[in-house]
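Comments concern the structure below.
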Amino acid sequence: QVQLVESGGGLVQAGGSLRLSCVASGRTWTTYAMGWFRQAPGKEREFVAAITWTGGSTYYADSVKGRFTISRDNAKNTLYLQMKSLKPEDTAVYYCARSRAIRPGSSRDEYNYWGQGTQVTVSS
């Protein structure tokens with residue numbers, strides 16, 4: 001089993017920044033890709049960003065490209081999502097997830113462990 005715990009969410013004005021963290025515990029996570037997803041009220045959970053297990057490659061949804069940065073510190077078992085230039089449409093619950101594979105994907109089905117989520121609210 002892998003346990004994932006997100007933190008760092010909160011209320012921020014449009015144009016502001018937040019950094020989300022996700023700490024992993026349990027079985028080894030370092031050889032798997034990791035990702036961030038988000039779910040706004042009344043909408044499907046959607047892909048935000050993903051990173052390979054080495055951290056050497058990253059992938060982003062078009063809606064966040066250039067504003068969000070995903071990174072990981074395997075020594076600390078921690079995944080990060082730095083969010084800048086936040087917009088009201090970024091408001092959602094953000095989830096970190098561990099992939100079933102080394103290479104990350106954008107489909108929810110490719111991830112088998114999920115955190116409980118952290119709320120991000122961006123006011124206009």
Side-chain angles (χ1 to χ4, degrees):
Q1 284 287 341
V2 174
Q3 292 79 43
L4 303 172
V5 180
E6 303 97 334
S7 63
L11 173 64
V12 63
Q13 288 188 330
S17 300
L18 281 175
R19 187 175 82 155
L20 306 183
S21 299
C22 172
V23 178
S25 61
R27 293 181 62 184
T28 302
W29 78 311
T30 55
T31 54
Y32 296 93
M34 296 290 294
W36 286 98
F37 287 74
R38 67 186 182 187
Q39 187 167 18
K43 294 188 176 181
E44 298 267 330
R45 191 171 299 187
E46 65 176 5
F47 170 75
V48 174
I51 188 168
T52 55
W53 74 275
T54 62
S57 295
T58 55
Y59 307 85
Y60 298 93
D62 289 341
S63 59
V64 307
K65 203 171 293 184
R67 300 187 298 121
F68 291 11
T69 303
I70 187 172
S71 62
R72 66 191 294 170
D73 185 339
N74 288 341
K76 296 182 178 179
N77 285 356
T78 303
L79 178 72
Y80 302 99
L81 185 67
Q82 178 68 52
M83 306 185 293
K84 298 180 179 179
S85 302
L86 283 161
K87 305 175 182 180
E89 51 264 44
D90 294 318
T91 295
V93 177
Y94 283 71
Y95 300 89
C96 70
R98 197 202 78 172
S99 173
R100 303 174 189 272
I102 294 174
R103 292 180 61 84
S106 60
S107 170
R108 289 175 295 172
D109 293 340
E110 299 178 67
Y111 295 80
N112 56 349
Y113 290 101
W114 295 82
Q116 84 290 348
T118 185
Q119 176 71 48
V120 172
T121 303
V122 184
S123 63
S124 58

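Bear in mind the structure is a predicted one, so any value in this text is a computation, not a measurement. Side-chain atoms are counted along with the backbone in the values below, which use heavy atoms only and exclude waters and symmetry mates.
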Q | Salt-bridge criterion met for Asp90 and Arg67 (N-O under 4.0 Å) | A |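 Here Asp90 pairs with Arg67 in a salt bridge, since their nearest N and O are under 4.0 Å apart.
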Q) Would you call Glu44-Arg108 a salt bridge at under 4.0 Å N-O? A)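 Looking at Arg108 together with Glu44, the answer is yes, because their closest N to O distance falls below 4.0 Å.
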Q: Measure from NZ or CZ of Arg72 to the centre of the six-membered ring of Trp53 and say whether it is under 6.0 Å with the direction within 45° of the ring axis.
A: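 No; the conditions do not both hold, so Arg72 does not lie above the ring face of Trp53.
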Q.
Distance to the ring centre below 6.0 angstrom and angle to the axis at most 45 degrees; does that hold for Arg38 and Tyr95?
A.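 No, Arg38 and Tyr95 do not form such a contact.
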Is there a path of hydrophobic side-chain contacts, each under 4.5 Å between heavy atoms of I, L, V, M, F, W or Y residues, that connects [X] with [Y]?
X: Trp114; Y: Leu79; result: no
X: Val2; Y: Met34; result: yes
X: Tyr80; Y: Leu18; result: no
X: Ile70; Y: Tyr113; result: yes
X: Leu81; Y: Leu4; result: yes

Q | Contact check, side chains of Val93 and Thr118, non-hydrogen atoms, under 4.5 Å | A |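 Contact flag for Val93/Thr118 side chains = no.
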Q: Determine whether Tyr60 and Val48 make a side-chain contact, defined as any pair of heavy atoms from C-beta on separated by less than 4.5 Å.
A: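 Not in contact.
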Would you say [X]'s side chain and [Y]'s backbone share a donor-acceptor pair under 3.5 angstrom?
X: Thr78; Y: Lys76; answer: yes
X: Ser57; Y: Thr52; answer: no
X: Thr91; Y: Val122; answer: yes

Q: Could I get the full list of side chain to side chain contact (heavy atoms under 4.5 Å, CB included) partners for Arg103, not counting sequence neighbours?
A: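 Applying side chain to side chain contact (heavy atoms under 4.5 Å, CB included) to Arg103 gives Tyr59.
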**Q.** Those residues that, when tested against Ala101, pass side chain to side chain contact (heavy atoms under 4.5 Å, CB included) (two or more places apart)
**A.**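 For Ala101, the residues satisfying side chain to side chain contact (heavy atoms under 4.5 Å, CB included) (neighbours in sequence not counted) are Ser99.
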Where do [X] and [Y] come nearest, in terms of heavy atoms and distance?
X: Ala92; Y: Ala40; value: CB-N, 3.8 Å
X: Tyr111; Y: Pro104; value: OH-CB, 4.0 Å
X: Ser17; Y: Ser85; value: OG-N, 4.4 Å
X: Cys96; Y: Glu6; value: N-OE2, 2.9 Å

Kindly compute the distance separating [atom1] ([X]) from [atom2] ([Y]), expressed to the nearest 0.5 Å.
X: Phe68; Y: Gln82; atom1: CZ; atom2: CD; answer: 9.5 Å
X: Gln116; Y: Cys22; atom1: CD; atom2: SG; answer: 8.5 Å
X: Ser63; Y: Glu46; atom1: OG; atom2: CD; answer: 5.5 Å

Q: Please say whether more than 12 non-hydrogen atoms of neighbouring residues, nucleotides or ligands are located less than 6.0 Å from NZ in Lys43.
A: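 Counting neighbours around NZ of Lys43, 12 or fewer heavy atoms of other residues, nucleotides or ligands fall under 6.0 Å, so no.
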Q: Take the angle between the ring planes of Phe47 and Phe37 and call it parallel below 30°, perpendicular above 60°, tilted in between.
A: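 Because their plane-to-plane angle is over 60°, the rings of Phe47 and Phe37 count as perpendicular.
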Q: Just do the side-chain contact (heavy atoms from CB on, under 4.5 Å) check on Met83 and Leu20 with the steps written out, would you?
A: CA-CA 8 Å; Met83 306 185 293; Leu20 306 183; 3.7 Å; yes
Q: Please test Arg100 against Glu110 for side-chain contact (heavy atoms from CB on, under 4.5 Å), starting from the C-alpha separation and ending with a verdict.
A: CA-CA 6 Å; Arg100 303 174 189 272; Glu110 299 178 67; 5.6 Å; no
